[in-house]
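Heads up, the thing below is written out as structure tokens.
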Amino acid sequence: MELRTDRCTLRPFVSADAPSIARHADNRKVWINLRDVFPHPYTVADAESFIARVAGDAPVTRFAIEVGGEAVGSVSLKLGSDIERKSAEIGYWLGEAYWGRGIMSAAVNAVTI
């Protein structure tokens, strides 16, 4: 599954994303706003482990945010269950070099429509 916007492409993670994800995620300004489970420092091994864990998820609920052919962030949905089955929690992060460009607004909009 791939979602395209005018600012980015959202797609499943692939193993080749690990170096790029690690480079953009290993930033205190990114990490400070995320759940405690998100490691800091963030290494290529962390990225590889995450990608291996989410590979093949059905339905796809964790998307790489791709800009210029490079994975620079993530947007994920945690689907509700039972009486909350029609809802989801959204989580996201974006590499600091891409802040202020409307990329995250476009990504969040794409996964919630």
Say you draw a straight line from [atom1] of [X] to [atom2] of [Y]; how long is it, rounded to the nearest 0.5 Å?
X: L3; Y: T9; atom1: CG; atom2: OG1; value: 9.0 Å
X: E89; Y: R35; atom1: CD; atom2: CZ; value: 4.0 Å
X: K78; Y: S87; atom1: NZ; atom2: OG; value: 11.0 Å
X: D26; Y: I21; atom1: CG; atom2: CD1; value: 12.0 Å
X: M104; Y: N109; atom1: CE; atom2: CG; value: 12.5 Å
X: M1; Y: T61; atom1: CE; atom2: OG1; value: 10.5 Å

Residue pair [X] / [Y]: nearest heavy atoms and the distance that separates them:
X: P12; Y: D17; value: O-OD2, 4.4 Å
X: T5; Y: A110; value: CG2-CB, 3.8 Å
X: A18; Y: E48; value: CB-CG, 3.6 Å
X: I65; Y: A107; value: CD1-CB, 4.2 Å

Sidechain-backbone polar pair: [X] side chain, [Y] backbone, donor-acceptor under 3.5 Å:
X: S20; Y: A71; answer: yes
X: N27; Y: H24; answer: no
X: R62; Y: F13; answer: no

### Query
Do L94 and W99 come close enough that some side-chain heavy atom pair is under 4.5 Å?
yes
### Task
Indicate yes or no: at least one non-hydrogen side-chain atom of V111 is less than 4.5 angstrom from one of Y92.
no
### Message
Within the supplied structure, the quantity of interest is the number of heavy atoms (other residues, nucleotides, ligands) at a distance under 6.0 Å from R4 CZ; does it exceed 12?
### Response
no
Please set out all donor-acceptor pairs under 3.5 angstrom arising from side-chain atoms of residues 37-46, sequence neighbours excluded.
{"unit_1": "T43", "atom_1": "OG1", "unit_2": "A45", "atom_2": "N", "d": "3.3"}
{"unit_1": "T43", "atom_1": "OG1", "unit_2": "D46", "atom_2": "N", "d": "3.0"}
{"unit_1": "T43", "atom_1": "OG1", "unit_2": "D46", "atom_2": "OD2", "d": "3.0"}
{"unit_1": "D46", "atom_1": "OD2", "unit_2": "T43", "atom_2": "N", "d": "2.9"}

#### Entry: V14 reachable from F50 in the ILVMFWY side-chain graph, under 4.5 Å edges
no
